[in-house]
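All values below come from the heavy atoms of this structure, side chains included, with hydrogens, waters and symmetry mates left out. Both ligands and their constituent atoms are indexed starting at 1 by order of listing.
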Amino acid sequence: MTNDTKPKLSVVIPLYNEQANVAALFDRLFNTLGTLPLPWEVVCVNDGSKDETLELLLKEREGRKGMVVVDLARNFGQHSAVMAGFKISRGDWIITMDADLQNPPEEIPRLVDAFQKGHDLIGTIRQGRKDSLFRKFASRITNRLITRMSGISLMDFGCMLRGYSREVVDGILKNPEYRTFIPALATFFARNPTEIPVRHEERTGGSSKYSILKLLSLQLDLMLGFSLWPLRILFFVGTIVALLGLILGLVILALRLYFGTGWAAEGVFTLFAVLFFIVGGQFFALGLIGDYIGRIFQAIRKRPNYVLRETYRDE
Ligand code: UDP
Ligand code: MG
């Protein structure tokens, strides 16, 4: 309704090459926000788009109140963009959503209802999810994983239409972690989380910004960023591989003694197999250790999550 006082609600939207969706998004978003009886603001974070997204955002801003446009210096990724939006936002309630209209803006009042009931973290369950089977399968595994690690049982972490109280957002922002997965991190700071069903739609325009590679790297962030159990697996796998190597070595030695050296020439291949097995295990181990060390490195450098180029806001 009004938005000249300090906003009660902040809607944070990361945008990366979303020129095809900007117009429809803000049409629907501002229509919905207009029906809310509380002051709000919309914080749009342009995550280094290479298309016309920023220009379109600035045009949307003209003649509109309560719209903040943040321009990041380059593409930092969805979660860093949301962090930048969190930092700039001033509302007591913060709602994040995607720019591609897969999350219908019309669902926002229902999240506001949940805030009004005193919830400080509002997750959403996508009804009739419009994504590929592969994406749905990957999500199911991810959701289980986070539930196990955080001990908080929410059903769907993948939907970015979510609500966070100011306290939860401040908790998230205090985290110096270089890369993180916001919906999972939020569960550590929430006292009264809930989950509501929301509609899910096809992407309206443009294409998904997540390639399989990006999804895998998000998955790795999740696993290594939230628990140390990969290190423990490393230990077990290391032990088992080493033991297997030892046993195989003994078997080959025994066979060689029994069959004589004639057999051993063919055994060369077995040895190769053993070698590959062990070397493979070592590489696996090194890769994991490397990633943890990489994280320590990032944390020590305290490199910021994002770099702001410009913020466009009223006053
Ligand atoms: N996004 C972003 N930076 C990126 C990738 C994506 O800000 O590097 C934004 C994108 O513009 C969209 C949201 O994050 O608003 C979700 O991206 P997308 O729809 O491509 O993800 P999907 O729905 O396929 O999971
Ligand atoms: Mg999408």
Side-chain angles (χ1 to χ4, degrees), residues 10-29 42-57 60 67-89 94-105 107-108 123-143 146 156-162 178-184 198-222 305-309:
S10 298
V11 179
V12 171
I13 311 174
L15 300 98
Y16 177 56
N17 294 347
E18 300 284 6
Q19 62 179 15
N21 298 316
V22 170
L25 169 69
F26 289 101
D27 253 21
R28 288 171 60 180
L29 181 63
V42 179
V43 180
C44 308
V45 184
N46 175 40
D47 186 18
S49 299
K50 293 173 188 71
D51 64 0
E52 301 285 294
T53 301
L54 178 66
E55 289 72 22
L56 289 174
L57 283 175
E60 290 288 338
M67 186 166 159
V68 184
V69 175
V70 182
D71 188 26
L72 299 188
R74 61 168 174 84
N75 179 244
F76 288 93
Q78 180 183 2
H79 290 259
S80 297
V82 170
M83 290 289 237
F86 277 169
K87 184 85 192 174
I88 300 274
S89 70
I94 296 95
I95 291 177
T96 58
M97 63 180 280
D98 287 349
D100 58 2
L101 292 165
Q102 283 197 280
N103 317 135
E107 302 280 16
I108 288 178
T124 47
I125 311 169
R126 289 168 282 193
Q127 304 290 301
R129 186 168 167 201
K130 303 281 190 308
D131 275 318
S132 66
L133 271 178
F134 168 75
R135 289 289 297 265
K136 287 186 199 166
F137 176 71
S139 288
R140 192 165 311 156
I141 295 178
T142 309
N143 291 332
I146 307 180
D156 189 354
F157 283 92
C159 181
M160 283 306 280
L161 179 60
R162 307 181 86 79
Y178 173 57
R179 280 184 300 184
T180 193
F181 188 76
I182 293 169
V198 292
R199 277 181 300 128
H200 193 243
E201 290 170 5
E202 303 262 14
R203 202 174 221 290
T204 323
S207 56
S208 173
K209 309 297 179 284
Y210 281 97
S211 59
I212 297 225
L213 207 68
K214 257 187 157 179
L215 279 176
L216 278 178
S217 107
L218 194 67
Q219 216 57 247
L220 201 67
D221 279 355
L222 249 180
N305 249 322
Y306 55 85
V307 181
L308 279 187
R309 183 177 285 149

Using only atom types and a distance under 3.5 Å, with no angle test, would you say the side chain of [X] pairs donor to acceptor with the backbone of [Y]?
X    : Y    : result
H79  : I182 : yes
T96  : M160 : yes
K214 : K209 : yes
N21  : G205 : yes
Q19  : E52  : yes

Mark up the atoms of ligand 1 that fall under 4.0 Å of a heavy atom belonging to [X], in ascending order.
X    : value
D100 : 19 (O), 23 (O)
Q78  : 1 (N), 2 (C), 3 (N), 4 (C), 7 (O), 8 (O), 13 (C), 14 (O), 16 (C)
R203 : 18 (P), 19 (O), 20 (O)
N75  : 3 (N), 4 (C), 8 (O)
D98  : 13 (C), 15 (O), 16 (C)
L15  : 7 (O), 11 (O)

Next on the checklist: Between the Mg ion (ligand 2) and D100, which N, O or S atom of the residue is the nearest one?
Outcome noted: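 Output for this pair reads OD2.
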
Item to check | Min N/O separation P14 to ligand 1 under 3.5 Å | outcome: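 Yes: some nitrogen or oxygen of P14 is under 3.5 Å from one in ligand 1.
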
Checklist entry - Quick check: does K209 get an N/O under 3.5 Å from an N/O on ligand 1? => result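 Among all N and O atoms of K209, at least one is under 3.5 Å from an N or O of ligand 1.
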
Checklist entry - Is the closest side-chain heavy-atom distance between R203 and E18 below 4.5 Å? => result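 Answer yes - side chains close enough.
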
Checklist entry - Do L54 and S49 have side chains that get closer than 4.5 Å, going by heavy atoms? => result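 In short, these two side chains do not touch, never coming nearer than 4.5 Å.
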
Checklist entry - Does the salt bridge (charged side-chain N to carboxylate O under 4.0 Å, His left out) test come out yes or no for R309 and D71, once each step is laid out? => result CA-CA 6 Å; R309 183 177 285 149; D71 188 26; 3.6 Å; yes

Just to confirm my output: which protein heavy-atom neighbour is closest to [atom], and how far is it?
atom                    : result
atom 23 (O) of ligand 1 : Q102 OE1, 2.7 Å
atom 21 (O) of ligand 1 : Y210 CD1, 3.2 Å
atom 22 (P) of ligand 1 : R135 NH2, 3.6 Å
atom 11 (O) of ligand 1 : E18 OE2, 2.6 Å
atom 4 (C) of ligand 1  : D47 OD2, 3.4 Å
atom 24 (O) of ligand 1 : S208 OG, 2.5 Å

Checklist entry - Please walk me through it: do R28 and E201 pass salt bridge (charged side-chain N to carboxylate O under 4.0 Å, His left out)? => result CA-CA 14 Å; R28 288 171 60 180; E201 290 170 5; 3.6 Å; yes

Checklist entry - Just heavy atoms, cut-off under 4.0 Å: does H200 contact ligand 1 by side chain, backbone, both, or neither? => result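 Neither part.
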
Checklist entry - Hey, are D156 and R126 close enough for a salt bridge, meaning a charged N less than 4.0 Å from a carboxylate O? => result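 So D156 pairs with R126 through a salt bridge.
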
Checklist entry - Is the Lys NZ or Arg CZ of R135 less than 6.0 Å from the centre of F137's six-membered ring, within 45° of the axis? => result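 No; the conditions do not both hold, so R135 does not lie above the ring face of F137.
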
Checklist entry - Is it true that M97 lies under 4.0 Å from ligand 1, counting heavy atoms only? => result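 The answer is no, since M97 has no heavy atom less than 4.0 Å from ligand 1.
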
Next on the checklist: Would you say the Mg ion (ligand 2) has Q102 as a near neighbour, meaning an N/O/S atom of that residue under 2.8 Å away?
Outcome noted: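 It does: Q102 brings an N, O or S atom closer than 2.8 Å to the Mg ion (ligand 2).
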
